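Input: one structure, supplied below.
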Amino acid sequence: EIFQEENYPLEFPYKSKVVLLFQKIEGVEVCLFGMYVQEFGSECAFPNQRRVYLSYLDSVKYFRPEVKAVTGEALRTFVYHEILIGYLEYCKKRGFTSCYIWACPPLKGEDYIIYCHPEIQKTPKSDKLREWYLAMLRKASKENIVVDLTNLYDHFFLTTGECKAKVTAGRLPYFDGDYWPGAAEDLIIQLRQEDGRKLNKKGTIKKTLTKRALKASGQADLSSNASKDLLLMHKLGETISPMKEDFIMVHLQHCCTHCCILMVSGSRWVCNQCKNFQICDRCYETEQKREERERHPFNQREKHVLYPVEITDVPTDTKDRDEILESEFFDTRQAFLSLCQGNHYQYDTLRRAKHSSMMVLYHLHNPTAPAFVTTCNVCHLDIETGQGWRCEVCPDYDVCNSCYYKDGGIDHPHKLTNHPSLAERDAQNKEARQLRVVQLRKMLDLLVHASQCRSAHCQYPNCRKVKGLFRHGIQCKKRASGGCVLCKKMWYLLQLHARACKESECHVPRCRDLKEHLRRLQQQSDSRRRAAVMEMMRQRAAEVAGNSA
């Protein structure tokens, strides 16, 4: 709302990607390490264009062998660092300009990606985790992958030296689940409440900042939105400043000293006398139009000559040429964690980690397999793969082999077909994966169509069936929570739709509610994370005050 006049983007599309590391331990593949990243490509608008956000990273302590590398660090650390360095190099080669890392350890008892860690594994403190990341980034700098290291506060909240960039929240990269967007929303609500209180007391709202204060801060725009922006940046800066080292900014390309844009094309103009001075083509043109005394170096009599260095190694687009392995269970960190929690895929012992990893791989390579174990409708025991029968008419009607052959066959009105064996399932998988994606897309299109269709004799295939499901959902007394199979099916489709839906005025039933529910869940998780960080900062400040006293 503050930046609507400046055409601030309505959304920032990104690709969510998970990188997992498996190691064969005693003949079994064990998942040891996972990281979720958000890739905002060249097609994304500013300020997110060509940026990567490392949103979550997690590991379990089963890496073998437990020895130190020649560098003196644990071999486990060396390998994890190499994965991150390799990923940063890959991003740089694809044309990304920067990577953002929020060094925030999980709350006690909370899991980021991998469910249920070993009791012996300690959760690192904030400063230890930050140093772990910085050690990795120092290695990447030596390999010329990382150009420069800074932090969110120093880069966007301060204008030092010859920096001429405007201090505004419109320049801050906006990432899903990051600290500052949530903190900013909280601050905006606080500012509105303060304005409301001032209005109640005096009858008129006092201007948040005077025109003189705005001009002094370098703001040419004197509108109320400009003052809101400035006040927001001031308050946000106060919040972030004490923990600024935790918001790591990694530059993969060179940054313009004047406008702070990361340069990807044209030339960068460098000064051979000043080590860290370089400007983009646009700022060089502006520099040439300036009066002699205002040119680089500012406030010095002798002016330096700038030399062009052509930028040739940054691709025009950030297209990912790797094959996408899609899986709804890995789409988000929460989806993966829910799959593990729902099935008790735990990692607290090596034995359980082996089983959990095997099941995780099974779901990755068998997207058509049910997410949760199938149980027999007669004896209510779990059915092993290939050892059961399914009804082709009734949804979710399965019986095990024992019940099927008991007393001369099961008494069911419809035909039952045998569950496919593992070998048959493997053969069907690649084709099934592609088919499933096509079918799901068709089903979701049908859902949107049926929610808008008013024709009683619609020719659209299965439109009447979906309308029937809508009617059933209104009338059903049992509901999905009570075990109604049709309601469960409908909820699954509605949730899938809500995750992908971008329409603000969508006609699909419960779409708005589900989107709001998903947003609230994410907000709660982010708020807990922010609250824990603030509590940690308070404790740290209290310790410092205690020591100085």
Side-chain angles (χ1 to χ4, degrees), residues 28-31 115-116 327-330 335-429 431-433 435-436 439-440 443 465 468-469 472-473 475-496:
V28 182
E29 304 278 2
V30 181
C31 182
Y115 175 52
C116 211
S327 171
E328 63 194 70
F329 304 123
F330 293 84
F336 180 60
L337 199 55
S338 298
L339 174 77
C340 293
Q341 286 169 337
N343 286 301
H344 303 288
Y345 296 159
Q346 297 175 200
Y347 287 80
D348 50 342
T349 66
L350 180 58
R351 180 173 159 272
R352 283 176 177 166
K354 285 177 182 177
H355 171 260
S356 301
S357 302
M358 182 176 70
M359 293 312 295
V360 160
L361 284 167
Y362 172 75
H363 284 295
L364 180 62
H365 295 296
N366 297 272
T368 53
F372 302 97
V373 180
T374 308
T375 52
C376 174
N377 283 49
V378 179
C379 66
H380 304 294
L381 294 174
D382 292 349
I383 301 173
E384 287 184 36
T385 310
Q387 302 295 308
W389 298 76
R390 174 165 290 162
C391 176
E392 292 178 345
V393 180
C394 308
D396 288 349
Y397 184 86
D398 299 87
V399 289
C400 62
N401 275 352
S402 325
C403 293
Y404 182 78
Y405 292 114
K406 205 176 191 178
D407 303 327
I410 196 88
D411 182 23
H412 188 71
H414 309 129
K415 187 188 173 190
L416 300 178
T417 53
N418 201 349
H419 283 195
S421 67
L422 274 174
E424 288 168 332
R425 192 169 270 169
D426 287 346
Q428 295 164 3
N429 263 325
E431 196 182 329
R433 189 182 288 124
L435 250 175
R436 182 174 165 79
Q439 283 171 346
L440 267 176
M443 198 66 198
K465 269 188 185 176
L469 277 174
H472 168 84
Q475 295 157 5
C476 181
K477 301 282 184 284
K478 203 175 177 185
R479 303 280 177 191
S481 53
C484 175
V485 172
L486 288 174
C487 286
K488 276 184 180 176
K489 196 176 186 179
M490 197 66 209
W491 268 111
Y492 173 69
L493 286 170
L494 289 173
Q495 283 171 329
L496 270 182

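FYI, side chains are in, hydrogens and waters are out, and symmetry mates aren't considered; it's all heavy atoms of this structure. Just so you know, these numbers come straight off a predicted model, no measurement behind them.
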Close side-chain approach of Phe330 and Val360, heavy atoms under 4.5 Å: yes
Test side-chain contact (heavy atoms from CB on, under 4.5 Å) applied to Leu361 - qualifying residues, sequence neighbours left out: Phe22, Glu29, His365
For the student: nearest non-hydrogen atoms of Cys400 and Cys379, plus distance: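 Taking Cys400 first and Cys379 second, the nearest heavy atoms are SG-SG, 3.8 Å.
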Atom pair CG/SG of Leu381 and Cys403 - distance to nearest 0.5 Å: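 That separation rounds to 7.5 Å.
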Which atom of Cys31 lies closest to which atom of Ser357, heavy atoms considered: N-OG, 2.8 Å
Cys376 versus Val399, closest heavy-atom pair with distance: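 So the minimum-distance heavy-atom pair works out to SG-CA, 3.7 Å.
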Gap separating the CG atom of Asp348 from the SG atom of Cys116, nearest 0.5 angstrom: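 With rounding to 0.5 Å, CG (Asp348) is 4.0 Å from SG (Cys116).
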Gap separating the NE2 atom of His363 from the CG atom of Asn343, nearest 0.5 angstrom: 5.5 Å
Inter-residue atom distance Arg390.CZ - Thr417.OG1, 0.5 Å rounding: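 Interatomic distance, Arg390 CZ to Thr417 OG1, rounded to 0.5 Å: 8.0 Å.
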Ring geometry between Tyr405 and Trp389 (parallel below 30°, tilted from 30 to 60°, perpendicular above 60°): perpendicular
Taking every non-hydrogen atom, the tightest pair across Tyr115 and His344: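 Minimum heavy-atom contact is CE2-CA, 4.5 Å.
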Any residue meeting side-chain contact (heavy atoms from CB on, under 4.5 Å) with Met358, in chain and number order, not counting sequence neighbours: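 So Met358 forms a side-chain contact (heavy atoms from CB on, under 4.5 Å) with His355.
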